[in-house]
Structure formats: structure tokens, C-alpha cells
Amino acid sequence: MCHVIVTCRSMLWTLLSIVVAFAELIAFMSADWLVGKARSRGGAEPAGPGGGSPEPYHPTLGIYARCIRNPGMQHFQRDTLCGPYAESFGEIASGFWQATAIFLAVGIFILCMVALVSVFTMCVQSIMKKSIFNVCGLLQGIAGLFLILGLILYPAGWGCQKAIDYCGHYASAYKPGDCSLGWAFYTAIGGTVLTFICAVFSAQAEIATSSDKVQEEIEEGKNLICLL
């Protein structure tokens, strides 16, 4: 019979695991890792509302995606075109970025699997006599290591030709040149920190769900156990 055990610590760990997985996935898919130097929208475009020149735009570049101005949309408010610049893995701009993509993809896959499993920990706390919380915590630690490797290698690719096109000739490994770091890069860093926090917090969730009070309520025949 399934005993549904809900504690504050286990619920918090579950929610954090889901948030971290989605944050890393969204960051990986985003084109906002590097924000390029300002570029003119071109003289053929009509002047702005005040009669002056239209504001320059900032193209953005991700690991495999980019956002640039769409010349065919000059008269519309949304005039940026976002999508992958690489149609295959081999077309990713830098070998370092290819390695980054692999490490991040592996880490995110592990995090997504843990997030999925965490939903069921309210009903199933162990498998093959191993605590699911401890196993998931170990997997999150491993995922965090993959994410760190990916984030360390990513700036090494700033010297590739694609990055130079966006960031100017001063761009080189670990030097973004005229570019600034976008929200996706900071989100990936924040998600990595939270990944290790989740790994540590999984031990607290295990302690909470295996406490003496929980065992007492199970022995009393309760199927739904909610503890603060």
C-alpha cells in the first residue's frame, strides 16, 4: 500500500528540483548568452516617432542559436529573427561550444529525470533498499559537475569567428570584447548553484520522511501523512 508522505523539506526539494531543471533547459535553448555590440538598423528604415534616427539594436548569440534583425520586417514593431544558426551539431561555431553543449545537455537530462522522479517521492521513498532522495541527490551532484564543466568551457569559445562577428575583433577566449553577458548565462550559473543546493537538501528531505514521527503514523495505519 502506498503511504503518501508530505513534509515541508521534501516538498521544497521537489519544487527546487523542478525549477532548476526548467531554468537550465530554458537557458540552454536561449540565444541570450552574449549580447552583441549595438548595430544600426540601416538608413532605409523610416525615422522614429520623434523624427530622429531609430534606436540601434543589439543582436544576441547563444550556444547554437542567435537573434538578429530581420530585414523583411522593417515596418513592424517586432523586427528580430531568432532561431538556430547551426543546422547540425558540427555547425556550432566553436569546438568549445560543442563541448559545452554536450556537457550541458547531459547535466540537464539528469536534472529533468530527477525532477520527474521527485514528484513520485511522496509515495515511494526507496527502491531496491536505496533511498530515492539520496540517489537523486547524488545524481544532482553529478549533473552539477557536468554543468560546471560546460560553463567553464563556454567562454573559451569567445574567440571563434561567430563571436568575433558579434563582439568585435577584441573578442577572444574568456574576453567577450564589445559584448556583454546575457541573462541566459547568469541563469545557467544560478541554476548550477541551485543544483548543488538541491543535492545537499535531498539529505534533509530523506531525514524528514524517515523520522520517528513518520514511522509512528505509518504504524497507526495512516495513508496520508503531512508534517511541517
Side-chain angles (χ1 to χ4, degrees), residues 15-39 55-70 73 77-115 140-168 170-199:
L15 291 175
L16 281 177
S17 297
I18 295 172
V19 168
V20 165
F22 273 102
E24 289 289 348
L25 181 60
I26 292 172
F28 177 71
M29 297 175 63
S30 173
D32 291 290
W33 285 70
L34 282 176
V35 179
K37 60 182 180 180
R39 298 184 183 182
E55 294 183 0
Y57 77 105
H58 292 268
T60 59
L61 180 65
I63 297 172
Y64 67 91
R66 53 89 180 99
C67 285
I68 58 174
R69 176 173 174 266
N70 185 356
M73 300 287 286
Q77 186 175 3
R78 292 182 59 85
D79 57 357
T80 55
L81 176 65
C82 296
Y85 68 81
E87 296 182 358
S88 64
F89 180 78
E91 293 182 1
I92 293 178
S94 166
F96 290 108
W97 289 2
Q98 291 176 353
T100 295
I102 292 174
F103 285 125
L104 292 185
V106 172
I108 292 170
F109 176 78
I110 295 174
L111 290 179
C112 289
M113 292 299 100
V114 170
Q140 286 175 324
I142 294 173
L145 293 177
F146 278 108
L147 296 177
I148 286 177
L149 288 173
L151 292 174
I152 290 175
L153 289 174
Y154 170 70
W158 290 346
C160 68
Q161 186 59 48
K162 176 70 73 173
I164 291 174
D165 292 341
Y166 279 71
C167 305
Y170 292 105
S172 60
Y174 297 96
K175 295 181 180 179
D178 296 328
C179 284
S180 59
L181 299 177
W183 65 264
F185 182 76
Y186 292 113
T187 299
I189 293 177
T192 302
V193 174
L194 282 177
T195 296
F196 286 104
I197 293 176
C198 284

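For CZ of Phe96, the number of neighbouring non-hydrogen atoms (other residues, nucleotides, ligands) closer than 6.0 Å is 12 at most. Other residues, nucleotides and ligands contribute over 12 non-hydrogen atoms within 6.0 Å of the CE atom of Met113. Heavy-atom contacts from other residues, nucleotides or ligands closer than 6.0 Å to OH of Tyr174 number more than 12.
With contacts defined as side-chain heavy-atom distances shorter than 4.5 Å, the pair Leu147/Phe196 does not qualify. With a 4.5 Å cut-off on side-chain heavy atoms, Leu34 and Tyr154 count as touching. Side-chain contact between Gln140 and Ser17 is present, with heavy atoms from C-beta onward closer than 4.5 Å.
Taking both residues in full, the closest heavy atoms of Ala143 and Gly107 are given as CB-O, 3.6 Å, listed atom of the first, atom of the second, then distance. Across all their heavy atoms, Ala101 and Ile63 have their closest contact at CB-CG2, 4.1 Å. Residues Val20 and Gly191 come closest through the heavy atom pair CG1-O, 3.7 Å. Contact detail for Leu153 and Ala99: the closest heavy-atom pair is CD1-CB, 3.8 Å. Scanning both residues, Ala27 and Ala188, for their nearest heavy atoms gives CB-N, 4.1 Å.
Atom-to-atom distance recorded for Ile189:CD1 and Leu194:CG is 12.5 Å, nearest 0.5 angstrom. With rounding to the nearest 0.5 angstrom, the SG atom of Cys167 is 8.5 Å from the NZ atom of Lys37. The CD1 atom of Ile152 sits 10.0 Å away from atom CZ of Phe103, with the distance rounded to the nearest 0.5 Å. The distance from the OG atom of Ser30 to the CG atom of Leu25 is 11.0 Å, given to the nearest 0.5 Å. The distance from atom CZ of Phe28 to atom CD1 of Ile108, rounded to the nearest 0.5 Å, is 6.0 Å. One distance of note links CG of Leu111 with SG of Cys198; it measures 8.5 Å at 0.5 Å rounding.
Between the side chain of Trp33 and the backbone N or O of Thr60 there is no donor-acceptor pair closer than 3.5 Å.
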Under 3.5 Å, sequence neighbours excluded: what are the donor-acceptor pairs made by side chains of residues 155-166?
{"residue": "Gln161", "atom": "NE2", "partner": "Asp165", "partner atom": "OD1", "Å": "2.8"}

Take Thr195 and Phe146 through the side chain to side chain contact (heavy atoms under 4.5 Å, CB included) test and state the conclusion after the steps. CA-CA 11 Å; Thr195 296; Phe146 278 108; over 6 Å; no

Evaluate the side chain to side chain contact (heavy atoms under 4.5 Å, CB included) criterion for residues Ile110 and Ile142: first the C-alpha distance (whole Å), next the side-chain angles of each, then the deciding distance (0.1 Å), finally the verdict. CA-CA 8 Å; Ile110 295 174; Ile142 294 173; 4.3 Å; yes

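Judged as a side-chain hydrogen bond (donor to acceptor under 3.5 Å, both in side chains), not a single pair has a partner in residues 84-102 (not counting sequence neighbours).
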